[in-house]
Amino acid sequence: MNEHVDELLSAYVDDELSEKEYIKVKNHLEICSRCTGIFHELQEIQEGISFLYGSIEIPDIHFENAIMAKIKEINPKASIYYRWIVGLPALFMVIIIAISLFAFSDLFYVGVTVASELIKIAVSLSHTVVLVLSSIPFLLEVFAITTIIIVGLSVWSVRYLLRSKTAE
């Protein structure tokens with residue numbers, strides 16, 4: 001038997017072969033030292049994995065409960081320090097904003113008025129652009145035809161360049 005059974009050895013070790021394949025591998029292992037060596041290595045690997053897997057302790061339900069209790073115990077949002085750490089900067093920012101609005105109320109009013117007028121100008125410009133473009137008849141058709149012409153010329157020039165012979 002010259003045909004080695006390397007691809008079937010793993011399945012043979014795991015007892016996953018059909019009866020015909022099992023007999024074929026078993027008969028081959030009796031006469032081939034190379035495949036027998038590989039078979040023994042695979043068996044050692046399987047035994048090692050079984051040993052390691054068997055030595056792992058699976059925690060019981062009390063382990064999960066203990067972990068969840070620890071997490072609830074450490075919850076930073078429940079502590080009083082967390083409230084002070086979040087509350088003081090928020091209060092400080094509210095006071096700063098209130099003072100700024102009171103002290104610079106005239107400047108704030110002017111800023112809001114300028115921003116409002118700029119928005120009105122932008123809206124008017126957009127309406128103007130739409131009106132101008134819609135008043136030109138067949139504008140969409142002109143763009144479509146121009147695009148088709150440009151694409152056609154591009155395809156023709158690429159084909160022409162691909163057909164031309166390169167200088168050697």
Side-chain angles (χ1 to χ4, degrees), residues 4-18 21 38 42 45-46 48-50 52-168:
H4 293 287
V5 289
D6 296 352
E7 66 275 355
L8 297 175
L9 285 176
S10 179
Y12 182 78
V13 170
D14 294 334
D15 199 27
E16 297 174 344
L17 294 177
S18 66
E21 291 173 326
I38 295 172
L42 288 172
I45 291 171
Q46 185 184 38
I49 290 173
S50 297
L52 289 175
Y53 184 71
S55 66
I56 297 174
E57 289 185 34
I58 300 174
D60 60 353
I61 189 70
H62 300 294
F63 178 76
E64 180 182 347
N65 293 338
I67 295 294
M68 292 307 294
K70 236 357 169 184
I71 290 173
K72 288 177 184 173
E73 181 181 309
I74 298 174
N75 187 1
K77 292 184 180 181
S79 72
I80 193 154
Y81 297 112
Y82 179 79
R83 292 181 184 162
W84 281 102
I85 288 172
V86 171
L88 281 179
L91 179 65
F92 183 70
M93 289 302 294
V94 167
I95 291 171
I96 294 272
I97 290 171
I99 290 172
S100 299
L101 288 177
F102 181 73
F104 302 109
S105 61
D106 294 335
L107 185 62
F108 180 72
Y109 174 75
V110 170
V112 169
T113 305
V114 168
S116 171
E117 293 303 317
L118 288 174
I119 290 172
K120 287 178 185 177
I121 291 171
V123 169
S124 296
L125 283 174
S126 66
H127 284 293
T128 305
V129 168
V130 168
L131 283 174
V132 168
L133 291 178
S134 65
S135 67
I136 300 173
F138 307 113
L139 181 65
L140 181 63
E141 289 83 1
V142 170
F143 281 139
I145 292 170
T146 306
T147 303
I148 291 170
I149 291 171
I150 291 172
V151 169
L153 288 172
S154 299
V155 168
W156 176 80
S157 63
V158 167
R159 289 183 70 195
Y160 178 78
L161 288 172
L162 289 175
R163 282 191 209 157
S164 65
K165 294 182 180 178
T166 59
E168 293 180 20

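Quick note: residue numbers are just sequence positions, from 1. Note that the structure is a prediction, hence the values are computed from the model and not measured.
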Next on the checklist: Could you work out, with salt bridge (Lys or Arg N to Asp or Glu O under 4.0 Å) as the rule, every residue matching Glu117, not counting sequence neighbours?
Outcome noted: Lys120
Checklist entry - Got a second to check how far Leu9's CG is from Glu7's CD, nearest 0.5 Å? => result 8.0 Å
Checklist entry - Between CZ of Phe143 and CD1 of Ile148, what distance do you get to the nearest 0.5 Å? => result 14.0 Å
Next on the checklist: Within this structure, what is the CG-CD1 distance for the pair Asp6 and Ile38, rounded to the nearest 0.5 Å?
Outcome noted: 4.5 Å
Item to check | Pairs touching residues 140-158 that satisfy salt bridge (charged side-chain N to carboxylate O under 4.0 Å, His left out), sequence neighbours left out | outcome: none
Next on the checklist: Using the rule side-chain contact (heavy atoms from CB on, under 4.5 Å), only one of Val112, Asp106, Val114 pairs with Val110; which is it?
Outcome noted: Val114
Item to check | Leu42 to Ser10 - nearest heavy-atom pair and separation | outcome: CD1-N, 3.8 Å
Checklist outcome for this item: dist Ile96:CD1 -> Leu91:CG (nearest 0.5 Å) comes out at 10.5 Å
